[in-house]
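Each chain gets a letter, A, B and so on, in the order the sequences are listed, and its residues count up from 1. Values reported hereafter were calculated over all heavy atoms of this structure, with side chains retained and with hydrogens, waters and symmetry mates removed.
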There are 2 protein chains.
Amino acid sequence: MNLKKYTDYGLRVLLFAGMKENDELVNIKEISEVFNISQHHLGKIVHELNKLELIETIRGRNGGIRLAKPAEEINVGIVVRQLENDFAMLECFDKGQSHCVISPGCMLKHVVNRALHAFFKVLDEYTLKDLIHNEEELKEWMGIQ
Amino acid sequence: MNLKKYTDYGLRVLLFAGMKENDELVNIKEISEVFNISQHHLGKIVHELNKLELIETIRGRNGGIRLAKPAEEINVGIVVRQLENDFAMLECFDKGQSHCVISPGCMLKHVVNRALHAFFKVLDEYTLKDLIHNEEELKEWMGIQ
DNA sequence: AATAAAGATGTATTCAAAATACATGTTTAA
DNA sequence: TTAAACATGTATTTTGAATACATCTTTATT
């Protein structure tokens with residue numbers, strides 16, 4: 001059980017952008033170098049974060065990205081749900097092809113589903129702001145300023 | 001985010017075995033037919049369930065498998081932890097190769113870790129017995145008796 | 001206007017892990 | 001002795017994520 005790197009990277013982009021002052025822009029190249037991630041791959045993640053209205057992207061020279069709203073309004077649980085789009089924990093979660101013969105009467109899926117909700121309940125308690133609380137320390141690690 | 005089919009299948013084996021009366025044996029062929037799973041693959045899962053002391057296996061003609069202990073003593077959370085052995089939700093969970101530069105000061109891993117604990121806290125509340133509570137219905141679906 | 005920097009986007013390739021298949025061995029009741 | 005059943009190592013297939021490649025569009029600067 002694990003989150004996709006895609007989700008991991010997406011969260012890092014938000015963290016990095018959330019660390020900048022005011023409306024300062026950061027560009028993909030910079031982020032890809034800091035985290036040592038493929039620039040093109042990151043571009044796709046950024047593109048999706050933009051579609052999800054979590055960041056703004058500004059094209060062209062001197063362009064870049066920035067958070068689309070204050071860090072305290074970006075909920076971690078919601079972001080993870082959006083980036084990580086497949087939560088079919090068991091085969092029978094996927095209603096389309098529920099092949100397991102015991103599926104109709106089986107309690108397992110309900111139990112796992114409850115567990116999944118508990119998982120998100122915790123994430124829902126945090127915003128991006130909470131994650132960058134120890135901002136000074138993070139900035140140092142990121143080599144900002 | 002999802003559990004491996006391996007884990008899914010392992011749980012089904014336990015459910016199926018737990019459904020039988022007393023010390024009645026079931027064999028892998030039977031289970032693989034009911035769930036339409038590769039018999040050999042299932043063999044390996046059964047082998048591991050046996051190593052984990054969740055089932056007993058009896059070799060030879062008229063052999064088969066059965067639960068190693070009463071269904072009410074088999075905890076769902078523990079089984080899932082044992083079958084699903086990789087819980088590196090984020091890259092930085094893997095201490096060996098924590099490449100992310102912000103890892104030392106980043107709060108994200110702690111938050112996700114809390115969420116993971118909440119996930120298992122729910123699973124820990126259930127035993128195999130709880131899952132086969134509506135035994136009659138399940139038996140019908142499984143074609144038992 | 002030309003240019004360069006930056007994001008947008010579609011396609012293809014690589015890679016890893018899971019799932020499955022194949023082959024053969026061992027055990028044991030009939 | 002034989003057949004049914006689990007044991008176990010190796011190999012192949014499949015799938016999806018990650019990455020690479022290529023090209024396009026946008027926009028500030030000169």
Every protein N/O lying under 3.5 Å from an N/O of nucleotides 9-15 of chain D:
{"residue": "D/dT10", "atom": "O4", "partner": "B/Lys44", "partner atom": "NZ", "Å": "2.5"}

Report task. Measure from NZ or CZ of A/Arg81 to the centre of the six-membered ring of A/Phe87, then state whether that distance is under 6.0 Å and the direction lies within 45° of the axis. Result ->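 No cation-pi geometry.
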
Nearest whole Å is fine: how far is [N] [atom2] from [X] [atom1]?
X       : N      : atom1 : atom2 : value
A/Glu56 : D/dT26 : CD    : P     : 18 Å
B/Leu49 : D/dA7  : CG    : P     : 11 Å
B/Ile58 : D/dA3  : CD1   : P     : 23 Å
A/Asn36 : D/dA20 : CG    : P     : 10 Å
B/Lys29 : D/dA7  : NZ    : C1'   : 18 Å
A/His41 : C/dT14 : NE2   : C1'   : 13 Å
B/Met1  : D/dA17 : CE    : C1'   : 17 Å
B/Ile45 : C/dT20 : CD1   : P     : 8 Å

Does this structure show an ion pair linking [X] with [Y], if we count only N-O contacts that are shorter than 4.0 Å?
X        : Y        : answer
B/Lys4   : B/Glu84  : no
B/Glu125 : A/Arg114 : yes
A/Arg12  : A/Asp8   : yes

Report summary line: Walking DNA chain C from its 5' end, the first of B/Leu3 and A/Gly60 to be reached, judged by nearest nucleotide, is A/Gly60

Query raised in the report: Side-chain heavy atoms under 4.5 angstrom apart, residues restricted to Ile, Leu, Val, Met, Phe, Trp, Tyr: same cluster for B/Leu14 and A/Met107?
Result: yes

Query raised in the report: Has A/Thr57 got a side-chain N or O lying under 4.0 Å from the OP1 or OP2 atom of C/dA8?
Result: yes

Query raised in the report: Can you check whether B/Ser38 has a side-chain N or O nearer than 4.0 Å to OP1 or OP2 of C/dA19?
Result: no

Query raised in the report: Considering residues at least two apart in sequence or located in another chain, which fulfil the salt bridge (Lys or Arg N to Asp or Glu O under 4.0 Å) criterion with A/Lys29?
Result: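 Counting only residues at least two positions away or on another chain, A/Lys29 forms a salt bridge (Lys or Arg N to Asp or Glu O under 4.0 Å) with A/Glu33.
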
Query raised in the report: Pick the nucleotide of DNA chain D nearest each of A/Asn62 and B/Arg61; which residue has the one closer to the 5' end?
Result: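 With A/Asn62 and B/Arg61 compared, the 5'-side residue is B/Arg61.
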
Choosing from [options], which nucleotide comes nearest the side chain of [X]?
X       : options               : value
A/Tyr9  : D/dT19, C/dT20, D/dC6 : D/dT19
A/Lys4  : C/dA18, D/dA17, C/dG7 : D/dA17
A/Lys5  : D/dA18, C/dA6, D/dC6  : D/dA18
A/Asn27 : C/dT20, C/dG7, C/dA19 : C/dG7

Requested in this report: Can you measure from CD1 (A/Ile132) to OG1 (A/Thr127) and round to the nearest 0.5 angstrom?
Outcome: 8.0 Å

